[in-house]
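First up is the structure itself, then whatever we jot down about it.
Position 1 is the first residue of the sequence, and the numbers go up from there.
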Amino acid sequence: MEQHNHSRLEEFVLLGFPNVGYSRGWLFVLLLLAYLFTICGNLLIFLVIRLDAALHTPMYHFVSVLSFLELWYTATTIPKMLANLLSEKKTISFAGCLLQTYFFHSLGASECYLLTAMAYDRYLAICRPLHYPAIMTPTLCVKMAAGCWTCGFLCPISEVILVSQLPFCGYNEIPHIFCDFPPLLSLACKDTSINVLVDFAINAFIILITFLFIMVSYGRIIGAVLKIQTVTGRKKAFSTCASHLTVVLIFFGSIIFMYVRLKESYSLTLDRTLAVVYSVLTPLVNPIIYSLRNKELIKAIKRTTFWKGEKESFSHH
């Protein structure tokens, strides 16, 4: 039997966005603007919620944690994408590739759990309003957020360990915009059916269970809202959930299609498109969705930024 050369590759080549040609500069500018907007938008929401006492409620606590998470989530992939668009040598070290994959998946899993915690918060607020203040205490909010981060960072460890032990026999071009489990498995010169099965089991558990929990919560929320007699009351109840549900559908819609599947071969074009949706688009639209649909947050932003600026100018006079 022919023996493969199992020497460990020192680096991979991220093919990124192939065949962009002269559009590379425009793509770099668009991606840079998207990244800057994502950073500024999520950082603004995080700081405003932390600084404005009127927003120190469980719902906004979770929104601020989500915004903080999005800052790190985008930092794991977009800077490297930008660097590769400018560089002819689009390499990433073997260790760097594994670290990028680990942090991207751990932060993604943390977001799944956090969106679930937010759905539970809305369920309690609307379906059990009298018990809500006693149940959703500040201590519980902190514990839930910490639990989301802890579980998220534990989930991909086994997948990363399994991938790190695979032999890679020379071909080192990753046909993707960042390091991820499916394209890495396609480069291994060994049967990866165990890896695919483990990835499927872990992803299915994290993504489908959390999504099911969120949908059950919203099913009960919708049932409770429809029982509200006044139109104004129904609108107010729905408005507190609309932003979160929109984010859930965009995020889960793409990752379910991407990660909950039992196959090693995949459409490169489709996967790159989906990767842009959940790694760039979702963190980009989160600040827009939460700010434009939320009057309290808009007022808080004005109070924290414009009002303080006016106050300082008056004090100088």
Side-chain angles (χ1 to χ4, degrees), residues 3-16 18 69 72-81 83-84 89-113 149-210 254-272 274-279:
Q3 296 296 317
H4 289 291
N5 176 17
H6 285 184
S7 60
R8 174 54 53 85
L9 290 174
E10 295 298 323
E11 62 183 19
F12 291 103
V13 176
L14 283 167
L15 296 181
L69 186 148
W72 297 104
Y73 184 66
T74 52
T76 60
T77 56
I78 298 182
K80 187 62 179 175
M81 288 186 216
N84 285 345
K89 189 181 180 183
K90 309 175 191 300
T91 57
I92 183 170
S93 67
F94 182 80
C97 191
L98 286 182
L99 282 172
Q100 186 182 58
T101 305
Y102 169 72
F103 282 111
F104 183 73
H105 277 263
S106 59
L107 289 164
S110 299
E111 184 161 346
C112 289
Y113 291 126
W149 283 82
T150 304
C151 291
F153 274 75
L154 290 175
C155 286
I157 291 176
S158 59
E159 294 170 276
V160 171
I161 291 173
L162 285 172
V163 171
S164 69
Q165 295 174 346
L166 286 174
F168 294 92
C169 307
Y171 187 75
N172 67 340
E173 292 186 345
I174 297 177
H176 205 38
I177 56 177
F178 52 80
C179 286
D180 201 358
F181 289 123
L184 273 175
L185 295 181
S186 69
L187 298 183
C189 53
K190 177 185 175 182
D191 178 37
T192 58
S193 55
I194 296 297
N195 299 74
V196 173
L197 187 61
V198 170
D199 288 355
F200 173 79
I202 292 174
N203 291 330
F205 177 79
I206 297 170
I207 298 170
L208 295 183
I209 295 298
T210 53
S254 56
I255 64 171
I256 286 174
F257 196 86
M258 178 70 186
Y259 293 108
V260 186
R261 58 189 185 188
L262 258 175
K263 62 178 184 178
E264 296 180 55
S265 59
Y266 50 95
S267 166
L268 297 179
T269 304
L270 179 60
D271 282 3
R272 285 192 188 101
L274 289 173
V276 170
V277 171
Y278 60 77
S279 66

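For the pair C155 and F205, the minimum side-chain heavy-atom distance is 4.5 Å or more. Looking at heavy atoms from C-beta onward, F12 lies in side-chain contact with L184 at the 4.5 angstrom threshold. C179 has its side chain out of reach of L98: every pair of non-hydrogen atoms, C-beta onward, lies at least 4.5 Å apart. When side chains are defined from C-beta on, D199 does not count as touching L162, because their heavy atoms never get closer than 4.5 Å. Residues D180 and M258 have side chains in contact (heavy-atom distance under 4.5 Å, counting atoms from C-beta outward). A heavy-atom distance below 4.5 Å is not found between the side chains of T101 and V163.
Of the possible donor and acceptor atoms, one in the side chain of N172 sits under 3.5 Å from a partner among the backbone N and O of E11. Of the possible polar contacts, one joining the K90 side chain to the N84 backbone as a donor-acceptor pair under 3.5 Å is found. The backbone N or O of E159 sits nowhere less than 3.5 Å from a side-chain atom of Y102 that would complete a donor-acceptor pair.
The CG atom of L274 lies 10.0 Å from the OG atom of S279; values are rounded to the nearest 0.5 Å. Atom CD1 of I209 sits about 12.0 Å away from atom SG of C112, to the nearest 0.5 Å. Here CG of L99 is found 15.0 Å from CZ of F104. Values are rounded to the nearest 0.5 Å. Residue D191 holds its CG atom at 10.5 Å from CG of L185, rounded to the nearest 0.5 Å. Taking CD from Q165 and CG from N195, the interatomic distance works out to 9.0 Å, rounded to the nearest 0.5 Å. The CD1 atom of I207 lies 11.0 Å from the CD1 atom of I202; values are rounded to the nearest 0.5 Å.
The nearest pair of heavy atoms linking N203 to V260 is O-CG2, 4.3 Å. Counting all heavy atoms, side chain and backbone alike, I206 lies closest to T210 at O-OG1, 2.5 Å. Smallest separation of non-hydrogen atoms from I92 and Q100: CD1-OE1, 4.1 Å. Residues L69 and L107 approach most closely at CD2-O, 3.7 Å, considering heavy atoms. Closest of all the heavy-atom pairs between L15 and P175 is CD1-CA, 3.9 Å.
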Quiz item: F257 and Y278: side chain to side chain contact (heavy atoms under 4.5 Å, CB included), yes or no, with the steps?
Solution: CA-CA 11 Å; F257 196 86; Y278 60 77; over 6 Å; no
Quiz item: Should Y73 and F103 be marked as a ring-ring contact (aromatic ring centres under 6.0 Å, His included) after you check the CA-CA gap, both sets of side-chain angles, and the distance that decides it?
Solution: CA-CA 8 Å; Y73 184 66; F103 282 111; over 10 Å; no
Practice problem: Could you give me the CA-CA distance, side-chain angles and deciding distance for T77 and I177, then say whether side chain to side chain contact (heavy atoms under 4.5 Å, CB included) is met? | Solution: CA-CA 8 Å; T77 56; I177 56 177; over 6 Å; no
Practice problem: Could you please spell out the steps behind the side chain to side chain contact (heavy atoms under 4.5 Å, CB included) verdict for F181 and V160? | Solution: CA-CA 8 Å; F181 289 123; V160 171; 3.8 Å; yes
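Checked against the 6.0 Å centroid criterion, the rings of Y259 and F200 do not qualify as a close aromatic pair.
More than 12 heavy atoms of other residues, nucleotides or ligands shown are found within 6.0 angstrom of CH2 on W149.
Between F94 and F168, the angle of the ring planes goes over 60°, which puts this pair in the perpendicular group of the 30/60° scheme.
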